[in-house]
There are 2 protein chains.
Amino acid sequence: MSSQAADLIWVNGAPADAVSALERGLHYGDGLFETMACIGGRVRFLELHLARLARGCAQLNIAGPDPAALARELGSLGAGPARCILKLILTRGPALARGYAYPQGQAPTRIVLRYPWAGPAVEPAAGVRVRIARLRLAENPALAGIKHLNRLEQVLARAEWDDPEVAEALLFSRSGALISGTMSNVFLVRGASVLTPRLDVCGVAGVMREVVMAVARDCAIPVQEAVLGAADLDAAQEMFLTSSLTGIRRVGEIEGRILAGDTVSRRLQAALARREAG
Amino acid sequence: MSSQAADLIWVNGAPADAVSALERGLHYGDGLFETMACIGGRVRFLELHLARLARGCAQLNIAGPDPAALARELGSLGAGPARCILKLILTRGPALARGYAYPQGQAPTRIVLRYPWAGPAVEPAAGVRVRIARLRLAENPALAGIKHLNRLEQVLARAEWDDPEVAEALLFSRSGALISGTMSNVFLVRGASVLTPRLDVCGVAGVMREVVMAVARDCAIPVQEAVLGAADLDAAQEMFLTSSLTGIRRVGEIEGRILAGDTVSRRLQAALARREAG
């Protein structure tokens, strides 16, 4: 999916292209975000995005926006184009004084950016190519799972390559566990087992990861969350990535190794398509 | 030091109170900051702040601003009041497209905020009270030492207490090493040894930490950088915190334990005052 500039921005419910220079989102990355696919004016898996946002707000003690009002706002922004991408940034709000401390109950700042739907480049039939990042993710249970704005690790990992043929990089944690891609979650298939990394010390609990786990359950393909290492990656016969924007992407090659397996990916892609059509 | 609102803000060299909603500093915390004391229009330890900023730019591959031009700008902003605080935020610039990837050579965004000098509350003669944070710092050598904008850990640790009598919280890393305060570095004194945590896996290499280590060297009080644990903290007879704004603050009490030692702190405070006067 190629990247384009935002074509519409709202701040706190009104068109704007700027935010306060005091924003705690800018000063500290003190906030959360969601990136959503919007099709025919409907945000795909809206309830799951709102639920994750609410979990993040609870974890960071940010006063969450009213879900119904936020849903209406997202609907308004996404109403025009047949398809678009909506990115919501929710910060704790402007820093009224210097320093890390914040007042209780501050009204957060809501920034919604709309981007054109770039459409996935035609997905190679053999699957996408991925690499393994040199950067390792730091571990902190207090920040794990939620989609917060402290994303320098992802920026650094994404800067490790510029080959457009490489779709994603897989990241290990500092202690050696496979965690995710820079912008996707990862699933490994080995025999009858489908495995995905536990995300209790780092990583983002993706909405599409959750959807795919539910779809797999319905297909009687149980997915196990586990602490996975390099050996598990090496032993995988099949691998796929998930994200809200790209759905399920099968990995065809990792660091030169060809992954021919595609049975589970195809079954789950088909089941996901049925669920979305239904 | 109590906290007040900014009274002057410049963005890219001109007065402004807002930044682009596309700022990578906002979207990812993709940038750096410096907080500086400015006295009589002169930024204290300017060269050290500029050097740390340059190290951060190199580590994050951000095109650093011209040091001479930046120094002039800081001088202009700080010229009015007898004393003030200047906070510089340098981001990679606006995100011209969606996603973590960034174009090479993008001009960064420079935000300078001026805050009134609140003046330290009269420092208790017995030293300040500190606590130990429950939150543990994640470890990532790729982000260690520099003053980047991913500061959610500090926000969370600072939210653990609201007793105004507690001046600071000390943070341990996930693997159990003492690292720093939320907004200061820490030094321990035990017998003839002065120790300060190594900052190669997490923490910020403070400008005042560097100044104090140089001042100590001149006083023939060598400071050793070491991996320190809870036992080292327990064994300390004397302890002090350093930051650009507050200089050397002696710790008088940590989690109820009284620290009576003050010999080294006082010697270094006096030597620091001489250096600044000279």
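Chain letters run A, B, ... following the sequence lines, proteins first and then strands; every chain starts at 1.
Taking all atoms of both residues into account, the shortest heavy-atom contact from B:Ile111 to A:Ala21 is CG2-CB, 4.3 Å. Listed here is the closest heavy atom pair of B:Tyr100 and A:Thr182: CE1-O, 3.3 Å. Annotation for A:Leu22 and B:Ala6: closest pair CD2-CB, 4.1 Å, computed over non-hydrogen atoms. Of all non-hydrogen atoms in B:Leu149 and A:Asn150, the two that sit nearest each other are O-ND2, 4.3 Å.
Ranked by heavy-atom pairs shorter than 4.5 Å toward chain A, the options B:Glu139, B:Arg158, B:His148 are led by B:Glu139. Counting heavy-atom pairs closer than 4.5 Å to chain A, the top-ranked of the candidates B:Pro94, B:Gly29, B:Ala18 is B:Ala18. In terms of non-hydrogen atom pairs under 4.5 Å with chain B, the most contact-rich of A:Thr35, A:Ile89, A:Val11 is A:Ile89. Note: B:Leu113 leads B:Asn61, B:Leu137, B:Leu113 in heavy-atom pairs under 4.5 Å with chain A. By number of non-hydrogen pairs under 4.5 angstrom with chain A, the leading residue of B:Lys87, B:Glu23, B:Gln59, B:Glu153 is B:Lys87.
Within the 4.5 angstrom heavy-atom criterion, atoms from both the backbone and the side chain of B:Arg151 approach chain A. Residue B:Asp30 touches chain A through both its backbone and its side chain, counting heavy-atom pairs closer than 4.5 Å. Residue B:Arg136 touches chain A through its backbone alone, counting heavy-atom pairs closer than 4.5 Å. Heavy-atom distances place the side chain of A:Leu135, and not its backbone, under 4.5 Å from chain B. In this structure, chain B has no heavy atom under 4.5 Å from any part of A:Ser175.
At least one side-chain heavy atom of A:Val155 sits under 4.5 Å from a side-chain heavy atom of B:Arg92.
Of the inter-residue distances, the one linking A:Phe33 atom CZ with B:Leu26 atom CG reads 11.0 Å to the nearest 0.5 angstrom.
Atom CZ of A:Arg198 is surrounded by 12 or fewer heavy atoms from other residues, nucleotides or ligands within 6.0 Å.
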